[in-house]
Protein chains: 2
Amino acid sequence: MKQYTVVMLWAFILSGFIGFSQTSQTAIAEDFKPSTVNQPGQEYPQVNSQGYARFQILAPEAKSVVVSLGLGGAKGGTVLAKGEDGIWRGTTAGAMDEGFHYYHVTIDGGVFNDPGALNFYGSTRWESGIEIPAHDQDFYALKNVPHGNVQQILFPSKSTNTSRRAFVYTPPGYHKDKSKQYPVLYLQHGWGEDETAWSNQGHVNLIMDNMIAEGKIKPFLIVMTYGMTNEIKYGGLASFKIEPFQTVLTEELIPYVDSNFRTLANQTNRAMAGLSMGGMETKSITLNKPEIFSHYALLSGGTYKPEDIKDKSKVKLIFLSCGSKERPDGIKDAVSTLKNAGFNAVPYISENTGHEFQTWRRSFKELAPLLFKE
Amino acid sequence: MKQYTVVMLWAFILSGFIGFSQTSQTAIAEDFKPSTVNQPGQEYPQVNSQGYARFQILAPEAKSVVVSLGLGGAKGGTVLAKGEDGIWRGTTAGAMDEGFHYYHVTIDGGVFNDPGALNFYGSTRWESGIEIPAHDQDFYALKNVPHGNVQQILFPSKSTNTSRRAFVYTPPGYHKDKSKQYPVLYLQHGWGEDETAWSNQGHVNLIMDNMIAEGKIKPFLIVMTYGMTNEIKYGGLASFKIEPFQTVLTEELIPYVDSNFRTLANQTNRAMAGLSMGGMETKSITLNKPEIFSHYALLSGGTYKPEDIKDKSKVKLIFLSCGSKERPDGIKDAVSTLKNAGFNAVPYISENTGHEFQTWRRSFKELAPLLFKE
């Protein structure tokens, strides 16, 4: 039964993975600029005001260069054409969805990264990334406001016999007011990603800094660790078991954080959220351990049913979200059912995005003000 | 005059950049294992017990695949040969120096990273990295000891009109004992690297954790920020001016760290060190600002002359180091002259290494116990 759910979720992830806007017949605006996640000083890849992406790769002797993003080409992706200068060039045949996209380049049958772009961990490898400017990009911009820190911690894990890495966001002022204690959100990445995803791709630290500066949220800590404890290979999700990760999270990481940071170390002040596979983990662990977490959030990561939950009084919030290009009706229906059963359930649908990070940045922005409201 | 020094240092960097051991005529030991800095689950590149590296790249339609490391090939590097399965394979013609090396792969005339290896920021781009196991690798290994944190901070910089990134190592226990104050080392990367280098390539946090666990050093904070404030392009070093970085470091970063961390905020408890170009910066800034730093260290980054220093009483330590394949006599002579002039000067030569990170890891291990000894 659990196995079945996992396989279905996996199919769901694949189906929604690559999101494009509708193809447009308008002329391409020649206002291309370097993507904001290019390597320092690199001019390509570029993006224009309509959401088109343009690529440029030097490979004078290559026979074929194909970028995995875009609508052109028999195999999908954007087929580049070689110029006399040995540089391959091409532009997506349509506008891309707003926000962050992973991609790679296939050169003569081998898969490589674009030398112009920064790399981000997704699909169990470091992949190239591109950022299509979003109309609402201001909420995750780097601004002149007080900034929190993102701390790499290495915590002892007996169950896996090593020191494991996690990142802890501490809000601005954490180091100054030495008596204040904070609630904690445990926040999980998706399949094939790792503990770097929420800050690198998601800018969750900047979203927090900006919302705290605007007085929109109560400051809290965010803890992000690696959630694929037993299998990293492709296809591993079908055999994923929650117990090894649940042990790391609840018996090793949480006690370490509570002992090394100034936390409010109780159920009322502890939340768990995750995107995609991280939502699946959140659902399993919050249901297995209702005495640990009080606020639950699944971002493109499934739903809860009222009958899943044994003790309604222990649940302060259930937040369910996805992109409008995923299955928004599933989210809305689940929230409606939960509300009818007396839960504080909140839905969020990100307009014109799919199973990608823009959906999860926006979801996080909606979720954060709802957490730890007492 | 200053300009001239810069150009000379740059020539010095280039001359010593790529280090190999002597070619050996012994048979290649077939005990190859994946490099420890491969991407998760990747079998190649591999290294053997003699220090040879073996590469494997899939690119079925490519005409030519050359790895920038190794001794074979007309252009230097290792020329790979294509198998019938479309995979290109090759082994370095000689043993490589122990420790970390940057590299890239040239495929049909274009420069890409090895999809099997993790990437590290060097040469102003994210490059592939490989680790040749060193006989002394234990001192930077991840061990079951209490671990410090590496915190990303974003500090306001009026002079550059942005929030700048730095990393701060806080030793184990920093978060627990809320009254203890610590000395601080400001530690700079080399040309083309950035503020990630000392922890990613250098493992400076693990070296600290291990030495603190062994009781060998007095715990201190380490602050690492980006040192190429005015020019990131290749060739920019010749026009490098210290003032913009000096302003960021001494007028913006240090006050921020002293106000946000529990530091001993005085000259006696403040050190500066840097590798290569970071050594050049350290020399300029410590000489310009003797009231700020008391401990100076140049790692493959030049030397001090007694007459450079105005007030001898302000200098507690001058540490100078390099690899034995660089210019060890220059280091030894300079230290000898400094000692004769009454300075507490300490030399260190890393055996059988060049202008690479193994020299700097070892140099740091020698430097750390000498800092802040009162």
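Just so it is clear, the model here is predicted, and its values are computed rather than measured. Naming convention: chains lettered A, B, ... in sequence-line order (proteins, then strands); numbering from 1 in each chain. Side-chain atoms are counted along with the backbone in the values below, which use heavy atoms only and exclude waters and symmetry mates.
If you tally non-hydrogen atom pairs under 4.5 Å between each of Leu142(B), Asn113(B), Val65(B) and chain A, the highest count goes to Leu142(B). The candidate with the highest count of non-hydrogen atom pairs below 4.5 Å against chain B, out of Leu118(A), Asn161(A), Ile153(A), Val168(A), is Ile153(A). When each of Arg125(B), Gln39(B), Lys143(B) is checked for heavy-atom pairs under 4.5 Å with chain A, Gln39(B) comes out on top.
Looking at every heavy atom in both residues, Phe112(A) comes nearest to Leu58(B) through CZ-O, 3.9 Å. Across all non-hydrogen atoms, the minimal contact from Ala59(A) to Ile107(B) is CB-O, 4.4 Å. Counting all heavy atoms, side chain and backbone alike, Pro60(A) lies closest to Gly110(B) at CD-N, 3.9 Å. The shortest non-hydrogen separation linking Asn260(B) to His175(A) is O-CB, 2.8 Å. Closest heavy-atom contact between Pro115(A) and Val111(B): CG-O, 3.3 Å.
Heavy-atom distances place the side chain of Thr162(A), and not its backbone, under 4.5 Å from chain B. Heavy atoms closer than 4.5 Å to chain A are found in the side chain of Tyr174(B), but not in its backbone. Using a 4.5 Å cut-off between heavy atoms, Ser199(B) does not touch chain A at all. Using a 4.5 Å cut-off between heavy atoms, Asn205(B) contacts chain A through its side chain alone, with no backbone atom that close. Heavy atoms of Tyr169(B) lying under 4.5 Å from chain A are absent altogether. For a residue to count as touching a neighbouring chain, one of its non-hydrogen atoms must lie under 4.5 Å from one of that chain's; by this rule Ile87(B) does not touch chain A.
Annotation for Asp177(A): atom CG counts as buried by contact number, over 12 foreign heavy atoms lying within 6.0 Å. Atom CG of Asp85(B) has more than 12 neighbouring heavy atoms from other residues, nucleotides or ligands inside a 6.0 Å radius.
Side chains of Gln152(B) and His147(A): a donor-acceptor N/O pair is absent below 3.5 angstrom, by distance only.
Between the CG atom of Leu154(B) and the CG atom of Leu206(A) there is a distance of 6.5 Å, given to the nearest 0.5 Å. In this structure, CD in Gln42(B) is found 7.5 Å from OG1 in Thr124(A), a value given to the nearest 0.5 Å.
Considering only heavy atoms from C-beta on, Asn149(B) comes within 4.5 Å of Phe261(A) through its side chain.
Of the possible polar contacts, none joining the Glu61(B) side chain to the Ser64(A) backbone as a donor-acceptor pair under 3.5 Å is found.
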